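A short worksheet on the structure shown next.
Keep in mind that what you see is a predicted model, and the values were worked out from it rather than measured.
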Amino acid sequence: MANDLYERIYAVVQRIPEGKVATYGQIAEMVGAPRAARQVGYAMAALGRGRPRPDVPWHRVVNARGESSIGGEQIRRLLDEGVAFDANGRINLKRHGWHDYEESGLFG
DNA sequence: GGCCTGACCTCAA
DNA sequence: GTTGAGGCCAGGC
């Protein structure tokens, strides 16, 4: 079922450490759907729709450019976690990008 | 039931 | 750097 994909996405998002951010495509690739980044985005949307998931840090998920797709509270939460935005309004993925999941022994 | 929209990504020109 | 097309699935009307 596609619902399993959701749970998988949520599980990955939960693995995102504080002060780090992950891109949709990155998560999509983690769950085994490198071309289904759209579903990742919708899965996040489903969180604030009718499925409250306080245990899922959806605000740590940004697009490939390191920008916040929805902004607002997401940016506010990221700033509160220590994630800084540059002059272009983008996050330095080199610094805050979550590329430690391989070394975390999760999917590696 | 069908059509359109949506927190997107990647490849190619 | 921008623009267009392909791919995936769920919700709203």
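One hydrophobic cluster holds both A:W98 and A:V13 under the rule that ILVMFWY side chains link at heavy-atom gaps under 4.5 Å. Hydrophobic clustering keeps A:W58 apart from A:L93 (ILVMFWY residues linked when any side-chain heavy atoms are closer than 4.5 Å, directly or through intermediates).
Rounded to whole Å, the P atom of C:dG7 lies 22 Å from the corresponding atom of B:dA7.
In this structure, A:M44 places its CE atom 14 Å from C1' of B:dG6, rounding to the nearest Å. Atom-to-atom, CD of A:Q74 to P of B:dA7 comes out at 12 Å; the value is rounded to the nearest Å. If you take CG of A:L47 and C1' of C:dG11, they are 14 Å apart, rounded to a whole angstrom. Atom-to-atom, CZ of A:R65 to C1' of C:dT2 comes out at 10 Å; the value is rounded to the nearest Å. One atom, CZ of A:R90, and another, C1' of C:dG1, lie 11 Å apart when rounded to the nearest Å. Atom-to-atom, CZ of A:R35 to C1' of C:dG6 comes out at 10 Å; the value is rounded to the nearest Å. Rounded to whole Å, the distance from CD1 on A:I9 to C1' on C:dC8 is 11 Å. Atom pair A:I27:CD1 and C:dC9:P shows a separation of 18 Å (rounding to whole Å applied).
Residues A:R77 and A:V83 have side chains not in contact (no heavy-atom distance under 4.5 Å, counting atoms from C-beta outward).
With A:I16 as reference, A:V61 is the one residue of A:V61, A:V21, A:D100 to meet the side chain to side chain contact (heavy atoms under 4.5 Å, CB included) rule.
With B:dC8, B:dA7, B:dT10 as the candidates, the nucleotide lying closest to the side chain of A:A37 is B:dC8. Among the nucleotides B:dA7, C:dG11, C:dC8, the one closest to the side chain of A:Y42 is C:dG11. Among the nucleotides C:dC8, B:dC8, B:dA7, the one closest to the side chain of A:Q39 is C:dC8. Considering only the side chain of A:Y24, B:dA7 comes nearest among B:dA7, B:dT10, C:dA10. Listed nucleotides C:dA10, B:dA7, B:dT10 differ in distance to A:Y6; the shortest reach to its side chain belongs to C:dA10.
In this model, a side-chain donor or acceptor of A:R38 finds a partner on the base of C:dG7 within 3.5 Å.
Here A:T23 does not reach the OP1 or OP2 of B:dC8: none of its side-chain N or O atoms lies under 4.0 Å away.
A:G41 comes within 4.0 angstrom of a nucleotide base, judged by non-hydrogen atoms across all strands.
To the nearest 0.5 angstrom, A:I27 atom CD1 is 14.0 Å from A:R8 atom CZ.
Using N1 to N3 plus N6-O4 or O6-N4 for Watson-Crick, or N1-O2 and O6-N3 for G-U wobble, each under 3.5 Å, C:dC8 pairs with nothing.
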